[in-house]
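Report on the following structure.
Numbering of ligands and ligand atoms starts at 1, following listing order. If you read the sequence from its start, that first residue is 1, and numbering goes on from there.
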Amino acid sequence: MTRIKLGGGEGISPKWQPYTRKEDMRMWTKEDLQRLVRREVGDCRLIVVSNRQPYVFEMVDGILENMSPPGGLTRAIDPLMQSCNGTWIAEGAGDHFPVDERGNVGVPPEDPSYNMRLVWLTEKEEQGYYYGFSNEGLWPLCHNAFTEPVFNVDDWETYKAVNQKFADTVLNEIGSSDAIVLTQDYHLALLPRLIKQTKPNVITGQFWHIPWPSPDVFRICPWQNELLDGLLGNDLMGFHLSNDCTNFVETVSRTLRARVSSEYNIVDYLNETTLIRPFPISVDFEQICEEAQGSDVNLEMERLTDELGLGDMIVGLGIDRIDYTKGIPHRLRAIERFLEKHPEYHQRVVFVQAGAASRTNIGAYQQLSDQLDELIQRINSRFSKGRWQPIIYMPTSLPSATFMALRRLARFCIVSSLHDGMNLVAKEFVASRFDDDGVLILSPFTGAAQELTEALIVNPYATEEFADAIHESVTMPEYDRRSRMHHMREIVRENNIYKWTSRLLLELMQGTQRTKALQRDHLTAPNR
Ligand code: GDG
């Protein structure tokens, strides 16, 4: 490996930090983002590629309905797409597809302003590419959760074939236009190289939503060179945290014949430059705050209080996709320990664990589901008295008003991930507490812990301290709760989802060009 030495040019500084430049100091709104898109994207075709569709349609009582409440990613990228009439390419899912012969459908359904183009996968492709290589291989590889990655050669072949299928669709969509391709996540690591090989002038960026492991861990993957080569087809690679960027640059420098600058987080490979930058993702603070105050949420709070017997209870809450990285057994053990240590809170504290099962045809997820059933049964049978059960488990898909009502009813919310790129549940809890109340117990192994420093930060493996944090959250004076929550709300309000999208787009359109110019002027290190 050779380190690149850059001269001090304008617009790029060593130890690049987020949130220090002028455009980062402001409060970003949806309208700001839309203005920025019109300015930066101009006449280029903007194409977003992700595994998951932004909108899913299903037939309900004979009527076609849009079933997907906009999740974080859709909320972040929708305004961007709506401002430039782009195309969002994704795998087709759901029951019914009101698409034309090329797989296109106008979205949002109520007032279409851009195209969603669907890629169809066979069951075998879905199994090998999504469940196999992406979620039994890359997902555990990138998370320190002690679940061994499975690398199966058939899954890898399918992953490659599906990435090619997505690339063919993207190239067909681009035609002869100037284009920007923004790829999401670890399912499509090979796509950028496949695009660049055919169309070197396309501007390519990718955001990796999960952590990037250390080089020692990444080298477990038998196809590490191919994956890195694919990702370095990007002009810009985005991660949540600086630490992920550092790990990525180190991995490249140990694996490929590339020149890297750890100081500037730049990789030079095959005569192309890739910028590696942190963009901590967030939520639509104002929207969540407004939704939390809706009359439907008030009604839902009354219903839940009644049905679950929460009237006189201190409510604790966990909302998670049921995943082994989220540390759900660890939090249950901490609750058990808290109940052992503090019998005075029996019949006074209830913990609600909500969130649907996911990736259920993977063995590790089935085992987790069984483990949770056993743990909850054990804790409930150990401590229940009369109608009171300490844990209420709701492992099903719930309407968004129910999630919102639970957030508002909670005295404390637990996010105990063993490793998590960011964790939006923590930020959603904060954004929904317009009353400035509620305590967040947060794992230091989440990206969110770097911003939400007023949470009670506790190691999920340290059961004793975890139990003490639960005790602290139920005994914390109101003044302290409000002051901590107020501080966290200011942070999430400012570092909102529009800031994330705007910074990503600005860096893709301006930062990459600026760096290429600087590289041409200042590259001093020879190839090894
Ligand atoms: C990846 C990274 C990163 C949860 N259960 C249900 C449900 N949710 C919602 C939450 C939240 C979202 O799903 C989950 O987001 P997270 O950030 O917590 O986690 P991942 O799914 O693992 O996401 C993560 C994220 O990408 C974004 O970059 O933060 O680190 O792992 O919005 O509220 N939503 C519905 N039903 C559920 O049962 N509808």
Side-chain angles (χ1 to χ4, degrees), residues 50-52 54-56 66-77 134-135 138-145 147 182-187 206-213 238-241 243-244 278-285 287-288 291-292 317-328 352-360 365 368-369 372 393-407 410 413-432 440 442-443 445-452 492 495-497 500-501 504:
S50 66
N51 174 66
R52 181 151 303 168
Y55 295 91
V56 180
N66 165 31
M67 294 306 287
S68 47
L73 192 61
T74 307
R75 265 198 191 143
I77 294 180
S134 297
N135 285 315
L138 290 178
W139 178 267
L141 181 74
C142 291
H143 289 93
N144 302 328
T147 296
L182 185 54
T183 306
Q184 302 297 317
D185 237 346
Y186 57 97
H187 315 89
Q206 183 152 8
F207 190 77
W208 190 266
H209 288 258
I210 60 176
W212 188 274
F239 295 95
H240 291 297
L241 306 178
N243 190 46
D244 300 318
F279 304 98
I281 205 167
S282 193
V283 295
D284 188 342
F285 179 89
Q287 176 81 25
I288 294 177
E291 278 174 22
L317 175 66
I319 297 179
D320 309 82
R321 225 169 24 76
I322 302 300
D323 192 292
Y324 54 79
T325 60
K326 303 293 180 186
I328 306 169
V352 180
Q353 177 60 51
S358 73
R359 307 172 190 170
T360 42
Y365 288 77
L368 173 67
S369 171
L372 292 178
Y393 189 33
M394 305 165 88
T396 49
S397 189
L398 296 168
S400 59
T402 307
F403 282 124
M404 200 58 95
L406 287 170
R407 290 187 195 109
C413 173
I414 301 183
V415 171
S416 52
S417 313
L418 307 181
H419 200 189
D420 215 329
M422 177 51 61
N423 193 282
L424 295 179
V425 171
K427 292 188 172 182
E428 286 161 351
F429 178 63
V430 167
S432 62
L440 176 63
L442 183 60
S443 159
F445 312 128
T446 61
Q450 298 207 353
E451 289 171 83
L452 303 178
V492 181
N495 296 342
N496 63 17
I497 190 63
W500 178 81
T501 322
L504 190 61

Within the 4.5 Å heavy-atom criterion, are [X] and [Y] side-chain neighbours or not?
X	Y	answer
Asn135	Tyr186	yes
Asn144	Phe445	no
Leu138	His187	no
Arg321	Arg359	yes

**Item:** Geometric class of the Phe207/His240 ring pair [parallel <30°, tilted 30-60°, perpendicular >60°]
**Value:** perpendicular
Under 4.0 Å, heavy atoms only, figure out whether ligand 1 is touched by the backbone of [X], its side chain, both or neither.
X	result
Thr446	neither
Lys427	neither
Asn423	both
Phe279	neither

Mind checking whether [X] has an N or O less than 3.5 Å away from an N or O of ligand 1?
X	result
Glu428	yes
Gly421	yes
Thr396	no
Ile319	no

**Message:** Which of the numbered atoms in ligand 1 are under 4.0 angstrom from any heavy atom belonging to Arg321?
**Reply:** 4 (C), 5 (N), 20 (P), 21 (O), 22 (O)
**Asked** How about Tyr365 and Trp139: are their ring centres within less than 6.0 Å of each other?
**Response** no
**Side chain Ser282, main chain Asn495, donor-acceptor under 3.5 Å** = yes
